Protein chains: 2
Amino acid sequence: MTRPSTETRSKLVETARDLFHRQGYTPTGIAQILKESGVNSGSLYYYFPTKEDLLVAVLEWYRDHIGDNLIDLHCGRIEDPVEKVFGLLDGYRQLLMMFEFELGCPIGALALELANSHPAARSLILVNFEQWVDTVEQFFRAVEDRLPEGTDCRALAVHVLTTMEGSMMLARTYRSTTYFDQSVTHLRNYVDSLIAQGSTWSAPKQPAGIPESLDN
Amino acid sequence: MTRPSTETRSKLVETARDLFHRQGYTPTGIAQILKESGVNSGSLYYYFPTKEDLLVAVLEWYRDHIGDNLIDLHCGRIEDPVEKVFGLLDGYRQLLMMFEFELGCPIGALALELANSHPAARSLILVNFEQWVDTVEQFFRAVEDRLPEGTDCRALAVHVLTTMEGSMMLARTYRSTTYFDQSVTHLRNYVDSLIAQGSTWSAPKQPAGIPESLDN
DNA sequence: GTCTATAGCGTGATAGAC
DNA sequence: GTCTATCACGCTATAGAC
């Protein structure tokens with residue numbers, strides 16, 4: 001029909017995004033993407049010469065929508081920055097329950113599935129993680145004065161991310177939020193203790209010898 | 001040759017285990033397992049009627065070898081129970097560096113890959129996680145008197161597991177231990193603070209409303 | 001830009017002799 | 001228990017008309 005719009009492309013990205021989220025990248029076949037999107041083979045390969053190109057487009061979509069889909073949705077109405085952090089984690093908890101543990105963190109799942117392959121996709125996964133950490137880091141920076149002096153807000157944000165990803169993994173395995181909640185509770189307990197220390201103590205900072213920059 | 005030994009079976013399990021570890025379950029083909037093990041198709045299907053049966057055998061192998069391969073190796077010589085916990089985490093760090101981030105936690109990777117399929121395998125993944133948590137829980141129980149009264153050692157062990165799994169995920173993505181180290185440092189800082197509290201304070205326990213048992 | 005038809009290969013699994 | 005040969009299907013990707 002030679003339409004000027006990129007509707008077809010968008011439909012493919014959205015369909016692939018959802019299928020990769022539910023099934024993973026490798027188990028999702030092109031045929032299934034075509035069927036569920038209602039697009040024909042020729043059109044798909046016009047926009048995406050290879051399956052990996054489609055994956056890249058999906059990861060670019062996540063990169064470009066982390067704000068509205070994640071941050072704004074679960075942190076937007078919250079005022080206290082620390083509560084924003086845990087509101088974000090609660091958003092993931094809601095995702096788990098809403099889809100009965102069939103959907104987890106789409107980035108985390110792809111990160112492990114593609115850890116030894118698809119370098120182009122991997123660098124976009126890295127970008128997505130960086131954005132996430134950036135966001136949480138900013139939340140902590142907003143309460144930096146309440147944290148112990150010398151606290152590395154970025155390292156703390158990283159710790160929130162690792163806790164979230166590990167907690168999602170266990171929740172999906174156990175089909176239960178019990179372990180997720182236990183881990184997040186300990187994380188909150190830790191953050192609370194840092195803030196309590198912040199008003200009295202001096203500094204739990206990163207020990208010397210651990211570089212601040214990444215070597216990749 | 002009709003040998004009484006189960007050498008062939010063992011070789012298949014070991015080969016599959018290593019390939020699943022490096023590549024994941026789905027991307028690893030039967031043909032590759034046959035080639036690398038030097039076993040023929042007929043023999044494989046004699047022992048394992050389906051590919052999933054082989055996966056189950058691999059997960060049973062992990063279940064039966066967590067002691068010697070993981071705990072004894074990285075915690076055996078350590079006396080202090082808390083140091084045993086972080087010795088275990090350091091074992092994973094060594095694994096990352098030894099294989100240049102190509103190998104992570106084999107159970108965690110499979111947990112996400114198979115999260116919505118292969119229920120038989122999933123329940124064995126759950127068993128493996130339980131064993132891991134059991135082990136770390138025992139370490140904390142050994143120093144229970146130094147922890148704040150009412151501390152749930154199992155929930156704390158779960159938090160160690162989630163931190164480890166999330167940290168491994170980031171390490172493999174970034175091809176760097178920086179984030180891994182930052183997260184583990186925060187975990188250690190937390191555990192240290194609990195022990196410091198244990199000698200003076202009263203109790204950071206799980207809040208009411210979070211069940212202790214799992215509902216799966 | 002979209003359509004249909006299909007190539008070419010890799011997959012998990014099977015058959016049947018030994 | 002092990003061997004070789006092979007089936008039937010699904011996969012990613014392509015060809016070429018419109």
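All values reported here derive from a predicted model rather than from experimental measurement. The figures that follow rest on heavy atoms only: side chains count, while hydrogens, waters and symmetry mates do not.
- Ile30(A) has its CD1 atom 16 Å from the C1' atom of dA7(C), to the nearest Å.
- Remark: Arg154(A) engages Glu130(A) in a salt bridge, criterion side-chain N to carboxylate O under 4.0 Å.
- Between the CG atom of Asn40(B) and the P atom of dG1(D) there is a distance of 16 Å, rounded to whole Å.
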Scan nucleotides 14-18 of chain D against the protein and return all N/O pairs shorter than 3.5 Å with their distances rounded to 0.1 Å.
| residue | atom | partner | partner atom | Å |
| --- | --- | --- | --- | --- |
| dT14(D) | O4 | Ser41(A) | OG | 2.7 |

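- A salt bridge links Arg141(B) to Glu137(B): one of the charged nitrogens lies within less than 4.0 Å of a carboxylate oxygen.
- Residue-level contact check: Thr28(A) touches the backbone only, with heavy atoms under 4.0 Å from sugar-phosphate atoms and none from bases.
- Side-chain atoms of Ser43(A) and Asn40(A) form no donor-acceptor pair, as typed in the model, at a separation below 3.5 Å.
- Ring orientation note: the planes of Trp132(A) and Tyr92(A) are tilted relative to one another, at an angle of 30° to 60°.
- Take the nearest nucleotide of DNA chain D for Tyr46(B) and for Glu52(A): the residue whose nucleotide is more 5' is Tyr46(B).
- Looking only at distances, a side-chain donor or acceptor of His65(B) sits under 3.5 Å from a matching main-chain atom of Trp61(B).
- Within the structure, a side-chain polar atom (N or O) of Thr8(B) is placed less than 4.0 Å from OP1 or OP2 of dT2(D).
- Per the geometry, NZ belonging to Lys51(B) stands 15 Å off P belonging to dT14(C), to the nearest Å.
- Within residues 115-122 of chain A, no residue approaches DNA chain C, by heavy-atom distance under 4.0 Å.
- Rounded to an integer number of Å, the gap from Ile33(A) CD1 to dG10(D) P is 17 Å.
- A salt bridge links Glu83(B) and Arg188(B); the closest N-O separation between the charged side-chain nitrogens and carboxylate oxygens is under 4.0 Å.
- Atom pair Leu54(A):CG and dA13(D):P shows a separation of 10 Å (rounding to whole Å applied).
- Rounded to an integer number of Å, the gap from CD of Gln23(B) to P of dT11(C) is 10 Å.
- Side-chain contact of Thr151(A) with Glu144(A): a donor-acceptor pair under 3.5 Å is absent, judged by distance alone.
- In this entry the distance linking CG of Leu34(B) with C1' of dT6(D) reads 14 Å, nearest Å.
- Between dC3(D), dC11(D), dT2(C), one nucleotide has an atom nearer to the side chain of Ser43(B) than all others, and that is dC3(D).
- Proximity note for Tyr47(B) (side chain, C-beta onward) versus dT11(C), dG1(D), dT2(C): the nearest is dG1(D).
- Between the P atom of dG1(C) and the CG atom of Leu44(A) lies a distance of 15 Å, rounded to the nearest Å.
- Between the side chains of Gln23(B) and Thr28(B), at least one donor-acceptor pair of N or O atoms lies under 3.5 Å.
- In this model, a donor atom of one side chain and an acceptor atom of the other lie less than 3.5 Å apart for Thr162(A) and Ser183(B).
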